[in-house]
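Source: prediction; values computed, not measured.
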Amino acid sequence: MAEDSAVESCDLPVKRQREEEEENGVSASPVSMETDINGGKLPNFMSPVIPGWFSEISSMWPGEAHSLKVEKILFQGKSDYQNVMVFQSSSYGKVLVLDGVIQLTERDECAYQEMITHLPLCSIPNPKKVLVIGGGDGGVLREVARHSLVEKIDICEIDKMVVDVSKQFFPEVAVGFDDPRVALHIGDGVAFLRDVPTGTYDAIIVDSSDPIGPAQELFEKPFFELVAKALRPGGVVSTQAESIWLHMHIIEGIVDNCRQIFKGSVEYAWTSVPTYPSGVIGFMLCSTEGPPVDFKHPLNSIDANDSNQKSVRPLKFYNSEIHEAAFCLPSFARRVIDSKAN
Ligand code: SPD
């Protein structure tokens with residue numbers, strides 16, 4: 001956004017407020033002004049897009065932009081797929097940004113990575129073979145690796161730069177790649193799934209960015225059909241499924257597709273991630289026809305003591321109570337999701 005237009009648009013509401021006050025015969029309230037970074041005057045309750053701050057502006061959340069103060073830009077690059085940036089923020093540690101959208105911060109990455117992983121893996125009795133699509137930062141791998149019954153973890157990430165940057169700047173996230181059960185495939189997730197023999201995996205975790213750019217296909221029906229084919233009967237998938245505050249139209253489409261494709265359970269869960277748009281993010285959890293899966297009541301409890309990898313930090317966010325709570329939805333979201341059930 002141009003800084004000038006931000007200043008101009010900030011001036012307007014104040015003028016209108018004063019005009020309205022004068023018309024109504026009330027004296028204009030004293031609005032204290034401060035000099036903004038462009039030398040213009042702004043009322044002190046309005047924030048321009050400030051140099052030195054990262055503002056997350058996207059057509060996926062029009063009219064709002066969460067901002068973080070930047071201490072230092074640590075990396076900026078352009079891969080074959082997207083712009084990649086890492087910066088040191090003043091309040092959330094290091095931040096990984098793809099095409100201008102925050103993917104993780106050191107401070108709150110635990111919530112997303114733990115929930116997208118343990119919601120599915122704690123819902124089935126013995127996950128052995130797991131596939132991660134996307135997830136090139138390694139955080140989901142770190143979480144899968146806590147499950148001692150898992151024997152093989154494949155990951156298919158399209159962008160090698162994301163893997164390299166994560167290993168360089170986020171060692172506590174990328175630690176997931178060190179697990180000997182992990183096999184990294186750099187390539188397109190859809191193409192990878194086409195070659196997977198039917199019924200290969202117990203669980204698939206789709207850790208994607210938003211559905212504009214390289215991850216778009218991962219939100220479409222043909223992709224979910226491939227996922228279902230790659231799962232064993234009663235196998236489970238967990239996918240990044242956006243925000244109930246911003247994206248009910250997208251969620252509605254995903255639920256619709258999933259109910260047509262997955263003949264076991266289809267559920268929506270959500271969690272809090274302060275640096276994601278609207279501060280929350282959801283997950284679509286589905287199982288294929290076969291042994292029934294009750295996502296809302298975890299079978300496996302996993303906590304700091306039964307972690308398979310003693311070198312990895314204890315769980316910060318996930319526990320069995322928060323697992324069950326994640327499926328409680330506000331009424332407006334419950335209505336939309338349940339309406340797709342028939
Ligand atoms: N709006 C951003 C959603 C990002 C989801 N993927 C995050 C990747 C972390 N492993």
Side-chain angles (χ1 to χ4, degrees), residues 114-133 140 143-144 146-154 193 196-207 218-219 221-241 244 251-271 281-303 306 308 315 318-331 333-342:
E114 292 181 18
M115 293 297 274
I116 197 172
T117 306
H118 303 309
L119 289 176
L121 295 189
C122 291
S123 297
I124 52 173
N126 54 351
K128 287 198 170 71
K129 284 188 177 175
V130 179
L131 170 64
V132 179
I133 304 273
V140 168
E143 297 308 318
V144 176
R146 293 184 196 275
H147 291 259
S148 51
L149 293 174
V150 170
E151 294 167 358
K152 181 160 177 49
I153 313 168
D154 286 321
L193 275 174
V196 168
T198 302
T200 298
Y201 293 104
D202 299 290
I204 297 177
I205 299 167
V206 187
D207 176 15
L218 308 186
F219 289 78
K221 194 171 178 184
F223 173 73
F224 287 114
E225 286 167 343
L226 289 171
V227 168
K229 178 178 155 283
L231 286 170
R232 62 143 167 97
V236 291
V237 60
S238 171
T239 73
Q240 193 270 88
I244 52 170
I251 295 168
E252 202 174 347
I254 301 173
V255 173
D256 209 8
N257 287 333
C258 287
R259 289 215 191 273
Q260 290 174 42
I261 294 165
F262 295 95
K263 295 302 178 192
S265 308
V266 175
E267 300 287 353
Y268 188 87
W270 61 310
T271 196
I281 197 156
F283 312 102
M284 201 70 224
L285 289 140
C286 309
S287 66
T288 53
E289 194 167 14
V293 176
D294 180 2
F295 286 113
K296 295 182 179 178
H297 300 101
L299 289 175
N300 304 319
S301 83
I302 178 166
D303 61 30
D306 59 20
N308 185 45
L315 287 169
Y318 177 87
N319 55 50
S320 299
E321 276 185 309
I322 216 163
H323 180 130
E324 296 197 6
F327 293 88
C328 297
L329 300 179
S331 304
R334 172 60 64 209
R335 265 194 294 278
V336 172
I337 287 165
D338 286 353
S339 75
K340 297 287 159 194
N342 305 316

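Between Glu324 and Pro298, some side-chain heavy-atom pair lies under the 4.5 Å cut-off. Contact annotation: the side chain of Val237 approaches that of Leu231 to within less than 4.5 Å [non-hydrogen atoms, C-beta and beyond]. Contact of the Val336 side chain with the Ile251 side chain is not registered, since no non-hydrogen atoms from C-beta on lie closer than 4.5 Å. Side-chain atoms of Cys258 and Tyr268, non-hydrogen and from C-beta on, never get closer than 4.5 Å to each other. With contacts defined as side-chain heavy-atom distances shorter than 4.5 Å, the pair Tyr201/Val227 does not qualify. Side-chain contact check for Ser287 versus Phe295: some heavy-atom pair is nearer than 4.5 Å. Side chains of Cys286 and Val236 form no contact here, defined as non-hydrogen atoms less than 4.5 Å apart. Residues His147 and Leu149 form no side-chain contact, since every pair of their non-hydrogen atoms from C-beta on lies 4.5 Å or further apart.
Here the straight-line distance linking atom CG of Leu193 with atom CZ of Phe224 works out to 11.0 Å at 0.5 Å rounding. Atom CG of Leu131 sits about 11.0 Å away from atom CD1 of Ile153, to the nearest 0.5 Å. In this structure, CD1 in Ile124 is found 9.0 Å from CG in Leu299, a value given to the nearest 0.5 Å. To the nearest 0.5 Å, the span separating CD1 on Ile244 from CD1 on Ile281 amounts to 11.5 Å. Atoms CD and CG, from Glu114 and Leu121 in turn, are 12.5 Å apart once rounded to the nearest 0.5 Å. For the atom pair CE (Met115) and OG1 (Thr271), the distance works out to 4.0 Å, reported to the nearest 0.5 Å.
Panel note: side chain Thr288, backbone Gly234; a donor-acceptor pair is recorded below 3.5 Å. Ser238 places a side-chain N or O within donor-acceptor distance of the main-chain N or O of Ile116, the cut-off being under 3.5 Å. Not one N or O on the side chain of Trp270 forms a donor-acceptor pair closer than 3.5 Å with the backbone of Ala241.
Legend: side chain to side chain donor-acceptor pair (under 3.5 Å) pairs involving residues 120-131, not counting sequence neighbours: none detected. Among residue pairs with one or both ends in residues 227-239, those qualifying as salt bridge (charged side-chain N to carboxylate O under 4.0 Å, His left out) are Asp202-Arg232; sequence neighbours excluded.
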Next item on the list: Tell me, with the steps shown, if Ile205 and Thr117 meet side-chain contact (heavy atoms from CB on, under 4.5 Å).
Entry: CA-CA 7 Å; Ile205 299 167; Thr117 306; 4.0 Å; yes
Item checked: Criterion side-chain contact (heavy atoms from CB on, under 4.5 Å) on Ile204 and Ile133, from CA distance to verdict -> CA-CA 7 Å; Ile204 297 177; Ile133 304 273; 4.2 Å; yes
Check: Going through the distances and angles, do Leu315 and His118 end up as a side-chain contact (heavy atoms from CB on, under 4.5 Å)?
Finding: CA-CA 10 Å; Leu315 287 169; His118 303 309; 3.5 Å; yes
Item checked: Intermediate values then yes/no, side-chain contact (heavy atoms from CB on, under 4.5 Å), Leu329 and Ile337 -> CA-CA 9 Å; Leu329 300 179; Ile337 287 165; 3.7 Å; yes
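For the salt bridge (Lys or Arg N to Asp or Glu O under 4.0 Å) test, no residue two or more places apart in sequence or in another chain qualifies with Arg335. Every salt bridge (Lys or Arg N to Asp or Glu O under 4.0 Å) that Lys152 has, sequence neighbours left out, goes to Asp154. For Phe327, the ring-ring contact (aromatic ring centres under 6.0 Å, His included) test picks out His323, with sequence neighbours left out. Phe283 is linked by a ring-ring contact (aromatic ring centres under 6.0 Å, His included) to Tyr112, counting only residues two or more places apart in sequence or in another chain.
Atom CD of Glu289 sits in a sparse spot, with 12 or fewer heavy atoms from other residues, nucleotides or ligands closer than 6.0 Å.
Nearest heavy-atom pair across Asn300 and Pro125 is OD1-O, 3.6 Å.
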